[in-house]
Amino acid sequence: MKVRKAIFPVAGLGTRFLPATKSSPKEMLPLIDKPLVQYVVEEAVAAGIDQIIFVTGRTKRAIEDHFDSSPELENHLEEKGKEETLQAMREISDLVDIYYVRQKKALGLGHAILCARDFIGNEPFAVLLGDDIIDAPANPCLKQLLGVYEHYKGSVLALEQVPLKQISSYGCVAVNRITDRVMEVTDMVEKPKQSEAPSDLAIIGRYVLTPAIFPILEQQQPGRGGEIQLTDAIKRLSQDEAVYGCLFEGLRHDCGDKLGFLKATVDLALKRDEFKDEFTAYLKGRLGC
Ligand code: G1P
């Protein structure tokens, strides 16, 4: 069955970015001139997703406004003859069908996914986490996962090798390799201590899941941090049906982290034709090289 729907859990409080996120969503922080969430929505659309549901919370209204049409702004741009910008604004609101549901309590990522159950129904679906911005223009990360899903007919998690000292920030998996990039997941643990990690393979914020995850999530007890963890539910799922991992190709930026966000900004700026030369010269000057 084709994967058409995606869940974007965006109810998190963004405490790592305070005070910037005190009254506005972290998903709206701009990388150069585009909010983080738009990069991720564009990745989903490029992978063939045509319906998205945001699992939101209080203070997230700006996300809804961003993907809505904006008649006042559009009229203004039209009057000023700013055709190109006008076009770009219309493209945002025409990108994809978007739905919203509220996660009323911060009970964890697993609980957020469960909030979208009625919308997803009995179909396979994608989950995209807005903190992870993955630069893979030739073959978007989610598209790579969907390729694995279509071939192996099971849930797929995006994986990346990370330095072991960082593994406690991620869900971590044990695997049996099938090919260079595809593996079967044999065990999973959410944010393990370095000494207890089964490998250095971290789960990155892209998933393709079968709907069999929902009844499991419904029964899932709180895990790490007292939250209902998606990782724990997928581990349980893997006892009933094969779950795969995909070592995706592309450069991931952890934009939930200040340094990661800074690196992503520099990286994307260096790729933008309009200012890459001047920006390179500026950085060289500052670094004295
Ligand atoms: C979540 C997941 C974790 C995963 C990570 C990827 O954690 O629970 O398994 O590795 O996203 O970004 P969070 O970063 O939301 O705490």
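Counting convention: from 1, in listed order, for ligands and their atoms alike.
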For residues 63-75, please give each side-chain donor-acceptor pair under 3.5 Å, one per line with the distance, not counting sequence neighbours.
from: His66; atom 1: NE2; to: Gln38; atom 2: OE1; distance (Å): 2.9
from: Glu74; atom 1: OE1; to: Arg90; atom 2: NE; distance (Å): 3.3
from: Glu74; atom 1: OE2; to: Ser70; atom 2: N; distance (Å): 3.4
from: Asn75; atom 1: ND2; to: Pro71; atom 2: O; distance (Å): 3.4

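The salt bridge (Lys or Arg N to Asp or Glu O under 4.0 Å) contacts involving residues 207-227 comprise Arg117-Glu218, where partners must be two or more places apart or lie in separate chains. Within the structure, the ring-ring contact (aromatic ring centres under 6.0 Å, His included) test picks out the following pairs touching residues 261-285 (sequence neighbours left out): Phe17-Phe261.
Taken from OG1 in Thr231 to CD1 in Ile203, the straight-line distance is 4.0 Å, to the nearest 0.5 Å.
Near ligand 1, residues Leu109, Leu129, Asp132, Tyr170, Gly171, Glu190, Lys191, Ile203, Gly205, Tyr207, Gln229, Thr231 come within 4.0 angstrom through at least one heavy atom.
Using cut-offs of 30° and 60° for the angle between ring planes, the Phe119 and Tyr99 rings count as tilted.
Ion pairing between Lys60 and Glu27 holds under the 4.0 Å rule for side-chain N and carboxylate O.
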